[in-house]
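Below, chains carry the letters A, B, ... as their sequence lines are ordered, and counting in each starts from 1. Atoms considered below: every heavy atom in the structure, side chains included; atoms not considered: hydrogens, waters and symmetry mates.
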There are 2 protein chains.
Amino acid sequence: MSLRIALLGLLDATGPASGYDLAKSFERSLNHVWQAGHTQIYPELVKMAADGLVAVESEGARGRKLYAITPEGASQLRSWLVEREPSSATRSEVALQAFLLPLLDRESAIAVVERIRARFAERLAVLECKPKDTPGFGRYALRLGLTQGHAGLAWADETLAELRGLEPAPAELSGPASAAVDDAVGRD
Amino acid sequence: MSLRIALLGLLDATGPASGYDLAKSFERSLNHVWQAGHTQIYPELVKMAADGLVAVESEGARGRKLYAITPEGASQLRSWLVEREPSSATRSEVALQAFLLPLLDRESAIAVVERIRARFAERLAVLECKPKDTPGFGRYALRLGLTQGHAGLAWADETLAELRGLEPAPAELSGPASAAVDDAVGRD
DNA sequence: GCTGCCATGTAAACCGTTACATGATTGG
DNA sequence: CCAATCATGTAACGGTTTACATGGCAGC
């Protein structure tokens, strides 16, 4: 469903576009929020056209089809935005690595957190060179990304400080099922 | 792949468990990081057993099978943690709604942001009643979740302040393809 | 004419969710 | 005995990724 919404949003904001254009727009402006490649976009546009949410406005050179949002599409887009209770489920490999950190010895854990930190920094760098105050599209999401990126960095720094502050040879490595671990994972 | 890792991580940390136990552990301790229901877990355990990552240690009452991690499984778990460059791709309905906010008039946008804010607050409330300083599993991920949750709240508050500060009847609503919007979405 | 990019698509495999189905055990 | 919970699974569907396939056009 959300792929449709993202496509409708782009079409609504930027006007008619081809599948190829939309794939580029995903890379350019939407990639920190939602991802989709052309292999997903082309068939989805066909289905959306069948459902009357978009229409082929014109066919250009080399088979290029320009899709435009229909009134029906614009209406569904707005309904979704206003009515949809967003699922807050996140599935993050970074968070999973953070979760599993206690399985590693201190050295490895530090290396892993450093790598995570680099990821957050990279992400932030990308976002920071976008026009922050353009009064338009993606502006709020950009700020959200920046805020969360900074939060990630702060977490990494705090965690690194803590890990580095531990005595050089702690007992926190491998070891299966201790009562303490069982407790931490157990009922809350 | 990550589902396997999550299961291996839980088995490594808490010792042998059944599919049912693991599903409960997901709900309890992993849900802010990764989600999986029993319908995904049971078949995956079978495949993992076929691949030698886990082994059925014993069969209890009413068909209950206890899976234990094998040395091979433990080794793959650690390799993944140390070697895997985590994909930082996130797919978030919340961020998508944030992205599309400029399509709405001021009133509706405020309502949407208020709903998002409530989501963040809800999430934070859940995390905050977990034992924050237990020296164990999930501890780092918990802190990451808290940090990012606070960041989300801060974003929502800032955004609400800005939206409420606008004059009551701004011109920011619907309207298709203006040059400015095109610019904001365009190349970076 | 060759190389590289534009532009469009299909197919298979994989991952995740929802709905369905079943039986055993525990507690009232 | 009945209801709730434990415990295990299958099936169908939909979304996502990866690999494959094709042809046009532009510049060298």
Asks: Between Thr70(B) (side chain) and Gly52(B) (backbone), is there a donor-acceptor pair under 3.5 Å?
Replies: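 Yes; at least one donor-acceptor contact below 3.5 Å.
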
Asks: How many whole angstroms separate atom CG of Leu22(A) from atom P of dA7(C)?
Replies: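 That distance rounds to 12 Å.
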
Asks: With nearest nucleotide decided by heavy atoms, which residue, Val46(B) or Lys24(B), maps closer to the 5′ end of DNA chain D?
Replies: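 It is Lys24(B), whose closest nucleotide lies nearer the 5' terminus.
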
Asks: Output yes when Arg119(B) and Glu93(B) qualify as a salt bridge under the 4.0 Å nitrogen-oxygen rule, no when they do not.
Replies: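 No, Arg119(B) and Glu93(B) are not salt-bridged.
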
Asks: Output a table of nitrogen or oxygen pairs between the protein and nucleotides 18-20 of chain C separated by less than 3.5 Å.
Replies:
| residue | atom | partner | partner atom | Å |
| --- | --- | --- | --- | --- |
| dT18(C) | O4 | Thr39(B) | OG1 | 3.0 |

Asks: Would you kindly confirm whether Val54(A) and Tyr20(A) end up in one hydrophobic cluster when ILVMFWY residues are joined by side chain heavy atoms under 4.5 Å apart?
Replies: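 No, separate clusters.
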
Asks: For Ala17(B) versus Leu11(B), what's the shortest heavy-atom pair and its separation?
Replies: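 Result for this residue pair: N-CD2, 3.7 Å.
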
Asks: Does Ala36(A) or Gly19(B) map to a spot on DNA chain D nearer the 5' end, using the closest nucleotide for each?
Replies: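 Closest to the 5' end, via its nearest nucleotide, is Gly19(B).
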
Asks: Between dC15(C) atom C1' and Gln35(B) atom CD, what is the distance in whole Å?
Replies: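 Going from CD in Gln35(B) over to C1' in dC15(C) covers 13 Å.
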
Asks: Give the cluster check for Leu142(B) versus Val126(B): same hydrophobic cluster or not, with ILVMFWY residues linked at side-chain heavy-atom distances below 4.5 Å.
Replies: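 Different hydrophobic clusters.
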
Asks: To the nearest 0.5 Å, tell me how far Leu10(B) CG sits from Phe99(A) CZ.
Replies: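 Those atoms lie 6.0 Å apart.
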
Asks: Atom CZ of Arg4(B) and atom C1' of dC15(C): how far apart are they, to the nearest Å?
Replies: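 Taking atom C1' of dC15(C) as the reference, CZ of Arg4(B) is at 12 Å.
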
Asks: Nearest whole angstrom, please: distance from the C1' of dC6(D) to the CD of Glu59(B).
Replies: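 Distance, rounded to whole Å: 16 Å.
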
Asks: At under 4.0 Å, does any side-chain N or O of Tyr20(B) touch on OP1 or OP2 of dC6(D)?
Replies: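 Yes, Tyr20(B) has a side-chain N/O under 4.0 Å of OP1/OP2 on dC6(D).
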
Asks: Assign a letter to each nucleotide of nucleotides 22-27 of chain D from its 5' end: B, base within under 4.0 Å of a protein heavy atom; S, sugar-phosphate only; -, no contact.
Replies: ---S--

Asks: With a 4.0 Å cutoff (strictly under), does any side-chain N or O of Tyr42(A) reach OP1 or OP2 of dT8(C)?
Replies: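 Yes.
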
Asks: For DNA chain C, which residues in residues 82-94 of chain A have a heavy atom at a distance below 4.0 Å?
Replies: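 Those residues are Arg91(A).
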
Asks: Atom CD1 of Ile41(B) and atom C1' of dT8(D): how far apart are they, to the nearest Å?
Replies: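 Distance check: Ile41(B) CD1 to dT8(D) C1' gives 12 Å.
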
Asks: Please give, in whole Å, the distance from dC15(C) P to Phe26(B) CZ?
Replies: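 Value for this atom pair: 14 Å.
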
Asks: Group every Ile, Leu, Val, Met, Phe, Trp and Tyr by side-chain heavy-atom contacts under 4.5 Å, then state whether Tyr42(A) and Leu30(A) land in the same group.
Replies: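 No: no chain of side-chain contacts under 4.5 Å links Tyr42(A) to Leu30(A).
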
Asks: Taking only side-chain N and O atoms of Lys65(A), does any of them lie within less than 4.0 angstrom of OP1 or OP2 on dA7(C)?
Replies: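 Indeed not, no polar side-chain atom of Lys65(A) lies that close.
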
Asks: Rounded off to whole Å, could you give me the CE-to-P distance for the Met1(A) and dT17(C) pair?
Replies: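 My rounded result for the distance is 17 Å.
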
Asks: Can you tell me the distance, in whole Å, between the CD atom of Glu44(A) and the P atom of dG14(D)?
Replies: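 Interatomic distance, CD of Glu44(A) to P of dG14(D): 11 Å.
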
